[in-house]
Amino acid sequence: MSRKRKKIISESVSDDMTSMLLDVVNTGTGQNAAVAGYEMAGKTGSTQVPFDDKNGTKDQWFIGYTPNLVGAVWIGYDKTDESHYLTTTSSEGVANLAHYVMKSGLRYLQPEDFDTQSAAQETAAKKAEEKKQQEEQEGFWNSVKEKADEAGDTIKKGADKVVEFGGKVKDGVSGWFGSF
């Protein structure tokens, strides 16, 4: 019996989602789930307790994936009350547990990288390219301004010589007429 495969999202959307979720593990709430040497994307989550005077969560979850392994971890209370709730955040609680779950599966697999950069890396590269283009544009316009200034100086020098020569011509012509 063969199963039919159905594409649910495009490769482009998949790459964009992975790009964003890489940052959750690289620099966000999923940092504690990271496993050294393995590129991982993921998402943390939690449900806040409904008590005004308590700061905590009913439950926390982490779903993470590498190019060749997916893992999910949930911790919490089925029935939360003022005595039964989690006092850590998902980055301190479930992400730490997820680290060990993912590490136990990844130890049998060779590290692989995704075929996409994290959103932060893509943004930094885009900003660097925009800055480079702006600097090139500014350099071009500064060069045009310098050349225009040089041309203006040359024209002024030429005009000064014309005025100087014109004065000499005037003096010479006046001298001719003055001698009559």
Side-chain angles (χ1 to χ4, degrees), residues 1-140:
M1 174 179 192
S2 73
R3 293 184 180 187
K4 284 187 175 181
R5 292 183 140 203
K6 182 177 180 181
K7 189 181 233 182
I8 297 172
I9 60 174
S10 69
E11 187 173 339
S12 173
V13 170
S14 175
D15 287 347
D16 288 347
M17 292 301 297
T18 296
S19 177
M20 290 182 279
L21 294 174
L22 282 166
D23 286 330
V24 173
V25 176
N26 292 341
T27 60
T29 56
Q31 287 181 67
N32 289 332
V35 177
Y38 292 87
E39 191 171 43
M40 185 188 314
K43 181 72 180 99
T44 62
S46 61
T47 306
Q48 302 304 306
V49 294
F51 316 120
D52 291 335
D53 61 336
K54 304 284 185 195
N55 188 16
T57 60
K58 288 181 170 186
D59 61 8
Q60 302 169 5
W61 53 266
F62 175 83
I63 299 175
Y65 60 99
T66 69
N68 49 20
L69 179 70
V70 176
V73 178
W74 177 92
I75 59 174
Y77 291 93
D78 287 333
K79 295 184 182 207
T80 304
D81 60 34
E82 292 193 14
S83 299
H84 299 92
Y85 64 93
L86 302 170
T87 58
T88 61
T89 64
S90 56
S91 61
E92 299 163 333
V94 75
N96 285 319
L97 179 57
H99 165 81
Y100 294 103
V101 170
M102 295 298 285
K103 184 176 180 179
S104 69
L106 289 170
R107 69 181 177 187
Y108 301 106
L109 302 171
Q110 290 297 315
E112 287 185 40
D113 290 336
F114 291 103
D115 292 331
T116 188
Q117 292 182 317
S118 76
Q121 291 171 320
E122 287 180 5
T123 300
K126 185 177 179 181
K127 284 184 179 180
E129 180 60 28
E130 287 171 355
K131 183 178 179 184
K132 180 182 172 189
Q133 288 176 353
Q134 182 180 4
E135 288 172 352
E136 287 173 357
Q137 226 175 20
E138 287 172 359
F140 170 77

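Here the structure is a predicted model, which is why all the values come from computation and not from measurement.
Between Gln121 and Ser19, every side-chain heavy-atom pair lies at or beyond the 4.5 Å cut-off. Contact annotation: the side chain of Glu39 never approaches that of Pro111 to less than 4.5 Å [non-hydrogen atoms, C-beta and beyond]. Residues Lys43 and Trp61 are in side-chain contact: their nearest non-hydrogen atoms beyond the backbone lie under 4.5 Å apart.
The main-chain N or O of Thr88 is found under 3.5 Å from a side-chain atom of Gln60 such that the two form a donor-acceptor pair. Listed for the Ser10 side chain is a donor-acceptor partner under 3.5 Å among the backbone atoms of Val13.
Partners of Phe114 according to the ring-ring contact (aromatic ring centres under 6.0 Å, His included) rule, which considers only residues two or more places apart in sequence or in another chain, are Tyr65. Under the rule for a side-chain hydrogen bond (donor to acceptor under 3.5 Å, both in side chains), the partners of Thr47 that lie at least two apart in sequence or sit in another chain are Asp59. Applying the side-chain hydrogen bond (donor to acceptor under 3.5 Å, both in side chains) criterion to Gln134, with sequence neighbours excluded, gives Glu138. Take Glu82 and apply the side-chain hydrogen bond (donor to acceptor under 3.5 Å, both in side chains) test, not counting sequence neighbours, and it matches no residue. For the side chain to side chain contact (heavy atoms under 4.5 Å, CB included) test, residues two or more places apart in sequence or in another chain that qualify with Glu129 are Lys132, Gln133. Checked against ring-ring contact (aromatic ring centres under 6.0 Å, His included), Tyr77 has the following partners two or more places apart in sequence or in another chain: His84. Thr123 is linked by a side chain to side chain contact (heavy atoms under 4.5 Å, CB included) to Lys127, counting only residues two or more places apart in sequence or in another chain. Residues passing the side chain to side chain contact (heavy atoms under 4.5 Å, CB included) test with Leu109 are Asn68, Leu69, Leu106, sequence neighbours excluded. Residues satisfying the side chain to side chain contact (heavy atoms under 4.5 Å, CB included) test with Asp78, not counting sequence neighbours, are Trp74.
For Asp52, the CG atom counts as loosely surrounded, since its 6.0 Å shell holds 12 or fewer non-hydrogen atoms of other residues, nucleotides or ligands. Within a 6.0 Å sphere centred on CD of Glu130, other residues, nucleotides and ligands contribute more than 12 heavy atoms. Annotation: Asp115, atom CG; neighbour count of heavy atoms from other residues, nucleotides and ligands within 6.0 Å does not exceed 12. When the shell of 6.0 Å around CZ of Phe51 is examined, it contains more than 12 heavy atoms from other residues, nucleotides or ligands. Within 6.0 Å of CD1 in Ile8 there are 12 or fewer heavy atoms belonging to other residues, nucleotides or ligands.
Just one residue in the list Thr57, Val101, Ile75, Leu86 forms a side-chain contact (heavy atoms from CB on, under 4.5 Å) with Val94, and that residue is Ile75. When each of Gln48, Lys54, Lys58 is checked for a side-chain contact (heavy atoms from CB on, under 4.5 Å) with Tyr85, only Lys54 meets the rule.
To the nearest 0.5 Å, the span separating CD on Glu92 from OG1 on Thr87 amounts to 8.5 Å. To the nearest 0.5 Å, atoms OG1 (Thr18) and CD (Glu11) are separated by 10.0 Å.
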Atom pairs and distances, side-chain donor-acceptor, residues 20-36, under 3.5 Å, sequence neighbours left out:
| residue | atom | partner | partner atom | Å |
| --- | --- | --- | --- | --- |
| Asp23 | OD1 | Ser118 | OG | 3.0 |
| Asp23 | OD2 | Ala119 | N | 3.2 |
| Asp23 | OD2 | Ala120 | N | 2.8 |
| Asn26 | ND2 | Leu22 | O | 3.3 |
| Thr27 | OG1 | Asp23 | O | 3.2 |
| Thr29 | OG1 | Thr44 | OG1 | 2.6 |
| Gln31 | NE2 | Thr27 | O | 3.1 |
| Gln31 | NE2 | Gly28 | O | 3.2 |
| Asn32 | ND2 | Ser91 | O | 2.7 |

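Among all heavy-atom pairs drawn from Gln117 and Glu122, the shortest one is O-OE2, 3.3 Å.
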